[in-house]
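Below is one structure, written out as structure tokens; comments come after it.
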Number of protein chains: 2
Amino acid sequence: MKTLIVDDDLALADVLSFTMRRAGFEVIMAHDGQSALDRWSDNNPDLIILDLNLPKLDGLKVCQQIRAQSNTPIIILTVRGEEDDVVKGLELGADDYIVKPFSPRQLVARAEAVLRRVTTSPVSPAPIQVGELTLDPLRSEVHCGNEGLVQLTKLECKLMETLMINRGSVLPIETLIDSVWGPSAGDRVMLKQLVYRLRRKIEPNPSKPKYIQTVAGVGYTFET
Amino acid sequence: MKTLIVDDDLALADVLSFTMRRAGFEVIMAHDGQSALDRWSDNNPDLIILDLNLPKLDGLKVCQQIRAQSNTPIIILTVRGEEDDVVKGLELGADDYIVKPFSPRQLVARAEAVLRRVTTSPVSPAPIQVGELTLDPLRSEVHCGNEGLVQLTKLECKLMETLMINRGSVLPIETLIDSVWGPSAGDRVMLKQLVYRLRRKIEPNPSKPKYIQTVAGVGYTFET
DNA sequence: CTTCGGGGTAACAAGTCAGTAACAAATGGT
DNA sequence: ACCATTTGTTACTGACTTGTTACCCCGAAG
């Protein structure tokens, strides 16, 4: 169910909630900006409609606070002539705005357009964190906690991912080869190369291996 | 010229059309709901006034059909006590309703209000703002905050929109191709081209990419 | 002490891919 | 039907990634 919070100080609140209910939204009324904030955290809605002319709390502030805590889409209502506020609202992270007076179907259309946008945004694979190292598989980047990020190549990233996921346990050479190149491809020498190159990137000091440990004759392991 | 279709089964049809003509509308008479539909497609009017008590065809059905084919604004006429129908009409996408008997001045005012709504605010896509860039998908324009606006082509605009909506996350090549050309069309080379052309328009300085970041081997991301 | 094997290092070659550009085809407005 | 713009195609370049080969070092076994 698509949930929606509106502000009932708005003169058009009943028309609005009626329209949106008809369009399949669950509408939660809030009595002022602050309570919109409260209700937001209580109900975790899919969409928030904010009136910029909130009596008790500046609508822009509410917008900012909501955006600071989540990326719930926000539609701003405004009266004509407040173009400055609209710009500010969009800068603060609002997703759309509607100028009063608005037509019901326009409101519905916009609400659904906004929802379409946010729901179609792809889910990114979660970064893997071990110790002070964080691997972002999508960007092939390693963030080194205290400082600096390193760009990895695709293969380096794949190897790193495998090692980090199975941290602590020793991964045989063959296993690693398979996980990087797939079965029936790659060989020991290439893996050696890859480990070497990866180490140079994430272990500035070559003398004592900080993360990737060699287990002679068997394989490698990732230690925190 | 503002064009308007009314239904002449309406008892007040002549008063109505007289009033509206005086207010500067061109009035097209229709003999019943069906012919209102026909005339609508013939004349592509700016506004339609529908009587719910159409004799031959249910006014609500007409409303629904019209709305299914366009978003031409609709005003519903109703007699007092038909609140249910009004509700249904609004549900079906009507923009306003007027209770009979109505005063001519009120009718004109409402008609113009409705027109103002639909003409003064963009209907579907809202501007998207990220950082100092604002994309107007309707006009395919990018405003660059401090200075200047750039005209984009359709494809450039689509790409820009996708990137801005998903700002911060890495969009794989395939995803971008789908979002611009749809599935089973387009290829990497064309996307490369498109990115190249878009960059030349929004990033005057080619040396350091300001917005569109390349993630080698994966895709692109829009950074603020 | 020498030999042998495996890992680490390095240099180099081959391959891949993004950026760039020029040009051709398609589209759209007059 | 013509012109301008947009879109699709092909090709080249340079940077970076990946694969290949060789050599060094060190410890263990003969």
Side-chain angles (χ1 to χ4, degrees), chain A residues 137 139-142 150-161 163 170-182 184-221, chain B residues 137 139-142 150-161 163 170-182 184-223:
Chain A
R139 291 172 199 259
S140 297
E141 282 173 357
V142 170
V150 186
Q151 278 292 340
L152 302 184
T153 70
K154 273 205 301 285
L155 296 186
E156 286 161 1
C157 178
K158 196 81 195 69
L159 175 61
M160 187 76 174
E161 193 181 341
L163 288 171
V170 179
L171 299 175
I173 304 263
E174 300 302 333
T175 305
L176 290 172
I177 291 176
D178 284 359
S179 87
V180 174
W181 286 275
S184 67
D187 59 24
R188 283 153 199 269
V189 186
M190 277 161 60
L191 181 66
K192 231 172 39 174
Q193 261 305 312
L194 197 59
V195 171
Y196 171 61
R197 283 165 174 156
L198 180 56
R199 273 180 170 151
R200 290 225 301 198
K201 286 191 179 177
I202 67 171
E203 293 173 356
N205 185 355
S207 59
K208 63 179 184 77
K210 211 172 165 190
Y211 302 109
I212 303 176
Q213 305 286 5
T214 305
V215 181
V218 186
Y220 299 88
T221 181
Chain B
R139 303 187 165 279
S140 294
E141 283 173 356
V142 169
V150 186
Q151 277 291 342
L152 302 184
T153 68
K154 273 201 303 286
L155 296 185
E156 286 162 359
C157 179
K158 195 80 195 69
L159 174 61
M160 187 76 174
E161 190 182 344
L163 287 171
V170 179
L171 299 176
I173 305 259
E174 302 302 334
T175 304
L176 291 172
I177 291 176
D178 283 0
S179 87
V180 174
W181 286 275
S184 67
D187 59 22
R188 282 153 199 269
V189 187
M190 278 161 60
L191 182 67
K192 240 175 26 177
Q193 260 305 313
L194 198 60
V195 170
Y196 172 61
R197 284 165 173 155
L198 180 56
R199 273 182 171 149
R200 290 223 302 197
K201 287 191 178 179
I202 67 170
E203 293 173 356
N205 185 357
S207 59
K208 64 179 184 76
K210 211 171 165 189
Y211 302 109
I212 303 176
Q213 224 75 23
T214 305
V215 181
V218 185
Y220 298 89
T221 182
F222 194 91
E223 303 278 333

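Computed over heavy atoms, backbone and side chain alike; hydrogens, waters and symmetry mates excluded.
Glu223(B) places no side-chain N or O within donor-acceptor distance of the main-chain N or O of Lys210(B), the cut-off being under 3.5 Å. Judged by distance alone, with hydrogens and angles left aside, the side-chain atoms of Arg188(A) form no donor-acceptor pair with the main-chain N or O of Ile173(A) at under 3.5 Å.
The shortest side-chain heavy-atom distance between Tyr211(A) and Met160(A) does not fall under the 4.5 Å cut-off. Using a 4.5 Å heavy-atom cutoff, the side chains of Val218(B) and Arg139(A) are not in contact. Side chains of Tyr220(B) and Leu171(B) form no contact here, defined as non-hydrogen atoms less than 4.5 Å apart.
The CZ-C1' distance, from Arg188(A) to dG6(C), rounds to 10 Å in whole Å. Between Arg200(B) atom CZ and dA18(C) atom C1' the separation is 15 Å, expressed in whole Å. Rounded to an integer number of Å, the gap from NZ of Lys192(B) to P of dT20(C) is 11 Å.
Tyr220(A) has a side-chain polar atom (N or O) that falls below the 4.0 Å cut-off from OP1 or OP2 of dG8(C). The side chain of Tyr196(B) places an N or O atom within less than 4.0 Å of a non-bridging phosphate oxygen (OP1 or OP2) of dA21(C). Phosphate contact (OP1/OP2 of dG8(C), side-chain N/O of Arg199(A), threshold under 4.0 Å): present.
With the nearest nucleotide of DNA chain C identified for both Gly219(A) and Arg197(A), Gly219(A) has the one nearer the 5' end. Map Met190(B) and Leu155(A) each onto its nearest nucleotide of DNA chain D; the residue landing nearer the 5' end is Met190(B). Checking Ile173(B) against Val195(A), the closest nucleotide of DNA chain C that is more toward the 5' end is the one next to Val195(A). Residue whose closest nucleotide on DNA chain D sits further toward the 5' end, between Gln151(B) and Leu194(A): Gln151(B).
For Gln193(B), the listed nucleotide lying nearest its side chain is dA21(C); candidates were dA21(C), dG8(C), dA18(C).
Shown are Val189(B), Leu176(B), Leu155(B); of these, the side-chain contact (heavy atoms from CB on, under 4.5 Å) with Leu194(B) is made only by Leu155(B).
Taking 4.0 Å as the cut-off between side-chain N and carboxylate O, Arg197(B) and Glu156(B) do not count as a salt-bridged pair.
Boundaries of the chain A contact region on DNA chain D are dT17(D) to dT21(D), first to last in 5' to 3' order (nucleotide atom under 4.0 Å from a heavy atom).
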